[in-house]
Amino acid sequence: MQSVISYKERGKYGNSLYRGNCSGYVIKDLIEHFYPDSKPKKFIEVFSGGGTGKDVAKELNISNSLHLDLNNGWDALTNDIPSGADFIFSHPPYWNIIKYEQQRNSYSPNDLSNNMSYEDFIKKLDIVNEKIYHSLINGGRHAILIGDVRKNGRYYSIVKDMEWFGDLESHIIKIQHNCVSDNKLYCNNSFIAIKHEHILVFRKNKIWIFNTKQTSTIKENIMNLTQITWRDLIQATLEFLDNTASIEQIYNILKQSKKAENNNHVREKIRQTLNNNSNFIKTGEVWRLCIKN
């Protein structure tokens with residue numbers, strides 16, 4: 001395998017009508033790459049969907065395999081993951097982009113594709129991923145296939161926001177083909193269609209101790225920063241004041257900044273920065289932004 005993979009055809013694996021099914025070549029190539037000399041002792045597929053992994057296991061003559069999904073009554077949030085696997089492949093819902101309730105023709109309160117906030121989805125996904133990690137035998141691997149989501153003008157990177165369990169062994173980019181969104185026309189020319197998914201392979205290398213990685217979003221106010229430049233503070237102030245302000249107006253705002261603390265020459269520093277920076281232009285008694293390419 002390489003760090004970028006692409007399968008234009010999904011192959012004969014699983015139910016081709018089951019939306020969200022990945023190509024069986026993904027699972028097959030992962031197994032043959034990481035277990036070249038012998039088959040996994042125990043292969044478990046979580047979120048098995050339309051039966052792709054089961055068909056792969058059959059082709060590779062892996063008799064000790066389990067394929068778990070709400071389709072067959074297994075609940076990822078409440079049911080235990082059978083222990084003893086040295087390879088687990090999971091392909092969870094990408095939030096609520098595909099409604100798997102409609103695929104199954106039945107509702108489950110623990111379906112990760114139900115309508116919920118993105119934060120709640122990530123929390124539930126983290127619970128499942130931690131369960132998967134702990135169920136592995138030492139030396140085992142968890143390969144998760146997950147995509148990014150754009151919704152209501154905002155980009156969501158699930159692979160970044162979810163918690164990581166174990167040691168990252170590989171990060172593979174999978175090119176997407178034959179997506180439902182391929183048939184949509186977008187009026188926004190700056191729109192960049194999502195044409196990739198991520199495969200992260202985590203390995204369990206220790207029995208008692210394990211690594212976790214979390215991404216947190218921290219909101220900062222630039223008025224509280226000390227390393228920011230006066231130029232950038234003044235630019236922000238002019239933008240805030242609709243691009244027209246006197247030195248006095250700029251000073252009255254920036255004197256409250258952290259950078260202005262213990263500085264007895266803030267007004268002079270503002271004047272110096274305005275006069276010495278080509279980003280700013282004076283018209284009469286007021287200053288404006290003049291950003292040139």
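Remember, predicted model here, so these are calculated numbers, not experimental data.
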Requested in this report: Would you name the heavy atoms of P82 and L68 that are closest together and state the gap between them?
Outcome: CD-CD1, 3.8 Å

**Report entry** E9 CD: over 12 foreign heavy atoms closer than 6.0 Å
**Finding:** no

Requested in this report: State, yes or no, whether a side-chain contact exists between K28 and E59 at a heavy-atom distance under 4.5 Å.
Outcome: yes

Query raised in the report: From N279 CG over to L274 CG, what is the distance, rounded to the nearest 0.5 angstrom?
Result: 10.5 Å

Query raised in the report: If you round to the nearest 0.5 Å, how far is NZ of K58 from OG of S65?
Result: 11.5 Å

Query raised in the report: Does atom CG of N276 have more than 12 heavy-atom neighbours, drawn from other residues, nucleotides or ligands, at distances under 6.0 Å?
Result: yes

Query raised in the report: Name the one of T226, N224, D232 that satisfies side-chain contact (heavy atoms from CB on, under 4.5 Å) with I228?
Result: D232

Report task. Answer whether the closest heavy-atom distance between the side chains of M1 and I172 falls below 4.5 Å. Result -> yes

Query - No-hydrogen, no-angle side-chain donor-acceptor test under 3.5 Å, H198 and D148 - result: yes

Query - Straight-line distance of N61 CG to K39 NZ, nearest 0.5 Å - result: 5.5 Å

Query raised in the report: Is N221 atom CG crowded by more than 12 heavy atoms from other residues, nucleotides or ligands, each under 6.0 Å away?
Result: yes

Query raised in the report: Quick one: are C22 and H91 in side-chain contact, heavy atoms under 4.5 Å?
Result: yes

Requested in this report: Output, in order, the C-alpha distance, side-chain angles, deciding distance and verdict of side-chain contact (heavy atoms from CB on, under 4.5 Å) for M116 and N96.
Outcome: CA-CA 8 Å; M116 67 184 85; N96 54 11; 5.9 Å; no

Report summary line: One should read off an interatomic distance between W287 CH2 and N277 CG, to the nearest 0.5 angstrom, of 9.5 Å

Query - Residue pair T244, R288: steps toward the side-chain contact (heavy atoms from CB on, under 4.5 Å) verdict - result: CA-CA 5 Å; T244 302; R288 304 177 189 276; 2.8 Å; yes

Query raised in the report: Around K151, counting heavy atoms of other residues, nucleotides and ligands shown, do more than 12 lie under 6.0 Å from its NZ?
Result: yes

Query raised in the report: Are D111 and K99 close enough for a salt bridge, meaning some N to O gap below 4.0 Å?
Result: no

Query raised in the report: Is it true that F121 and L70 fall in one hydrophobic cluster, defined by side-chain heavy atoms closer than 4.5 Å?
Result: no

Report task. Report the C-alpha separation of I234 and F280 in whole Å, then their side-chain angles, then the decisive distance to 0.1 Å, and conclude whether the side-chain contact (heavy atoms from CB on, under 4.5 Å) test is met. Result -> CA-CA 9 Å; I234 292 171; F280 311 117; 3.7 Å; yes

Query raised in the report: Going from CD1 on I250 to NZ on K255, what distance comes out if it is rounded to the nearest 0.5 angstrom?
Result: 13.5 Å

Query raised in the report: Which is it for F89 and H142 under the ring pair (Phe, Tyr, Trp, His ring centres under 6.0 Å) test, yes or no, and what are the steps along the way?
Result: CA-CA 6 Å; F89 176 81; H142 170 210; 8.5 Å; no

Query raised in the report: For W164, which of L200, N129, T212 qualifies under side-chain contact (heavy atoms from CB on, under 4.5 Å)?
Result: L200

Query raised in the report: Do the side chains of M223 and K258 get nearer than 4.5 Å, heavy atoms only?
Result: no

Report task. Flag the pair E163 and K213 as a salt bridge only when some basic side-chain nitrogen lies within less than 4.0 angstrom of an acidic carboxylate oxygen. Result -> no

Query raised in the report: Does atom NZ of K8 have more than 12 heavy-atom neighbours from other groups under 6.0 Å away?
Result: no

Query - Closest approach of T273 to W230 (non-hydrogen atoms, all atoms of both residues) - result: OG1-CB, 3.7 Å

Report task. Kindly give the cluster partners of W208, where membership spreads through any ILVMFWY side chain lying under 4.5 Å from a current member. Result -> I207, I209

Query - Trace of the side-chain contact (heavy atoms from CB on, under 4.5 Å) decision for I27 with F43 - result: CA-CA 11 Å; I27 305 173; F43 164 40; 3.8 Å; yes

Query - ring pair (Phe, Tyr, Trp, His ring centres under 6.0 Å) assessment of F210 paired with Y133 - result: CA-CA 9 Å; F210 66 99; Y133 175 82; 5.4 Å; yes

**Report entry** Carboxylate-amine/guanidinium proximity below 4.0 Å for K54 and E45
**Finding:** no

Query raised in the report: Does a side-chain heavy-atom distance below 4.5 Å link I199 with I5?
Result: yes

Query - Inter-residue atom distance K131.NZ - N79.CG, 0.5 Å rounding - result: 6.5 Å

Query - Polar contact flag, side-chain donor to acceptor under 3.5 angstrom, Y118-D161 - result: yes

Query - Salt bridge present between E268 and R271 (N-O < 4.0 angstrom) - result: no

Report task. Kindly determine whether F87 and Y35 satisfy ring pair (Phe, Tyr, Trp, His ring centres under 6.0 Å), including the steps that lead there. Result -> CA-CA 9 Å; F87 181 70; Y35 303 88; 5.8 Å; yes

**Report entry** Passing option when S6 is tested against H196, H177, Q176 for side-chain hydrogen bond (donor to acceptor under 3.5 Å, both in side chains)
**Finding:** H177

Query raised in the report: Any chance the side chains of R203 and N205 put a donor and an acceptor closer than 3.5 Å?
Result: yes

